[in-house]
J.: 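Mind having a look at this structure? Questions to follow.
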Amino acid sequence: MRVLFFVLALIAAMPRMSLADDETVPWKEVGGWSVAVDPTLDNGCFVLTSFDDDTIFRFGFNFRKKDNPLYILLGNPNWKSLEKGKHYPIELSFDQSKRTADARGLDLPGFKSLWIDFKDSDLIEEFAGKLNFRASLRGKQIVALGLKDTARAVDELLACQKVVNDAVAKHPALPHSKDPFEARPGTQASDLFDL
């Protein structure tokens, strides 16, 4: 929790991002990309942008999954038949590079989305400097997005994550006790329920 307060202090003057969920902490706007921290993903930073067709594209770190620390989230309010929890075999391409991935359907407030986990850290470099992103499902194109300023977005994503990681290292989280009646460090009470 101390880490969250530290990050909040760094960026307290910035307004809330409208395209991210309420639990994210804004970091910076760069080249049409919003950069933020998601405390629910163990303080993973991400970049986010939206397009004229209401598609959102989010790319970032998810440290809750040590084996797959990177993700892409694609969403659009028109994808009403997308099923929460269902897995979709997706073909992705950044410019000419292609890869296949297993995407999972999510039902977020206001739109349906696809969550795609990645373990390959080369995805960061692959994303930086690219101009186009396409995703297809069984040969049918679901999005074709023109990207801009991805190199600047990645630079800021990595800068954000470095600051957050440094803050976490300086202020490690207190161990969580499984005893709900245990007093917090530094507190004393005559009655157990006054803790």
Side-chain angles (χ1 to χ4, degrees), residues 1-50 56-75 94 101 104 106 108-111 113-130 133 147-188 195:
M1 201 60 171
R2 285 193 257 164
V3 172
L4 179 58
F5 291 129
F6 176 76
V7 172
L8 283 171
L10 288 174
I11 53 181
M14 295 183 70
R16 272 244 176 258
M17 292 173 34
S18 60
L19 293 175
D21 63 61
D22 290 336
E23 296 187 31
T24 62
V25 181
W27 171 262
K28 190 182 253 188
E29 298 285 327
V30 59
W33 294 87
S34 298
V35 184
V37 181
D38 191 336
T40 67
L41 300 178
D42 284 355
N43 298 312
C45 292
F46 66 89
V47 295
L48 172 81
T49 195
S50 63
I56 62 140
F57 181 97
R58 178 171 155 168
F59 174 72
F61 294 102
N62 177 6
F63 295 115
R64 295 182 77 196
K65 293 188 173 183
K66 303 297 184 212
D67 294 340
N68 298 308
L70 295 170
Y71 69 91
I72 290 175
L73 176 101
L74 294 169
F94 288 104
R104 185 173 34 95
L106 293 178
L108 299 175
F111 62 95
S113 62
L114 293 170
W115 181 279
I116 309 160
D117 288 315
F118 295 94
K119 64 175 106 185
D120 185 4
S121 62
D122 290 343
L123 184 65
I124 296 171
E125 192 174 313
E126 189 175 326
F127 173 66
K130 298 303 182 192
F133 173 81
L147 302 176
K148 63 177 184 165
D149 291 324
T150 53
R152 288 177 56 206
V154 165
D155 287 346
E156 203 56 48
L157 170 72
L158 296 175
C160 171
Q161 197 61 62
K162 180 180 182 337
V163 169
V164 171
N165 289 349
D166 290 348
V168 169
K170 288 179 185 173
H171 304 285
L174 297 173
H176 296 285
S177 173
K178 293 183 180 185
D179 182 356
F181 300 102
E182 180 180 30
R184 287 182 284 251
T187 61
Q188 291 183 348
L195 297 177

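Nothing here was measured: the structure is a model prediction, and the numbers come from that model.
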J.: Got a donor-acceptor contact below 3.5 angstrom from the Trp33 side chain to the Lys148 backbone?
T.: yes
J.: Nearest 0.5 Å please: distance from the CG atom of Leu73 over to the CD1 atom of Ile116.
T.: 8.5 Å
J.: Once you round to the nearest 0.5 Å, how far does NZ of Lys66 lie from NZ of Lys119?
T.: 16.0 Å
J.: What are the two closest non-hydrogen atoms of Lys130 and Leu147, and how far apart are they?
T.: O-CB, 3.6 Å
J.: Yes or no on salt bridge (Lys or Arg N to Asp or Glu O under 4.0 Å) for Lys162 and Asp166, after CA distance, side-chain angles and deciding distance?
T.: CA-CA 6 Å; Lys162 180 180 182 337; Asp166 290 348; 2.9 Å; yes
J.: Could you walk me through whether Ile56 and Leu48 pass side-chain contact (heavy atoms from CB on, under 4.5 Å), step by step?
T.: CA-CA 7 Å; Ile56 62 140; Leu48 172 81; 4.1 Å; yes
J.: So do Thr150 and Phe59 actually touch side chain to side chain, heavy atoms under 4.5 Å?
T.: no
J.: How close do Ala36 and Cys160 get, heavy atom to heavy atom, and via which atoms?
T.: O-SG, 4.2 Å
J.: Taking the side chain as every heavy atom from C-beta outward, state whether Leu158 and Phe61 have any pair of such atoms under 4.5 Å apart.
T.: yes
J.: Does a side-chain heavy-atom distance below 4.5 Å link Val30 with Val35?
T.: yes
J.: Can you list the residues that meet the side chain to side chain contact (heavy atoms under 4.5 Å, CB included) rule with Arg104, with sequence neighbours excluded?
T.: Lys65, His87, Leu106, Trp115
J.: Ring centres under 6.0 Å, that's the criterion: do Phe127 and Phe57 meet it?
T.: yes
J.: Please test Trp27 against Val47 for side-chain contact (heavy atoms from CB on, under 4.5 Å), starting from the C-alpha separation and ending with a verdict.
T.: CA-CA 10 Å; Trp27 171 262; Val47 295; over 6 Å; no
J.: Report the distance from atom CZ of Phe133 to atom CG of Leu74, rounding to the nearest 0.5 Å.
T.: 4.5 Å
J.: Enter the distance from Glu29:CD to Thr49:OG1 here, rounded to the nearest 0.5 Å.
T.: 9.0 Å
J.: Before you tell me yes or no, could you show the steps for Leu41 and Phe46 under side-chain contact (heavy atoms from CB on, under 4.5 Å), namely the whole-Å CA-CA distance, both residues' side-chain angles and the distance that decides it to 0.1 Å?
T.: CA-CA 10 Å; Leu41 300 178; Phe46 66 89; 6.0 Å; no
J.: Between Leu70 and Ser121, which heavy-atom pair has the shortest distance, and what is it?
T.: CD1-CA, 3.9 Å
J.: Do any N or O atoms from the side chain of Gln161 and from the backbone of Asn43 form a donor-acceptor pair under 3.5 angstrom?
T.: yes
J.: Looking at CG of Asn62 and SG of Cys45, how far apart are the two atoms once the value is rounded to the nearest 0.5 Å?
T.: 12.5 Å
J.: Which of these passes side-chain contact (heavy atoms from CB on, under 4.5 Å) with Thr24: Thr40, Asp38, Val37?
T.: Asp38
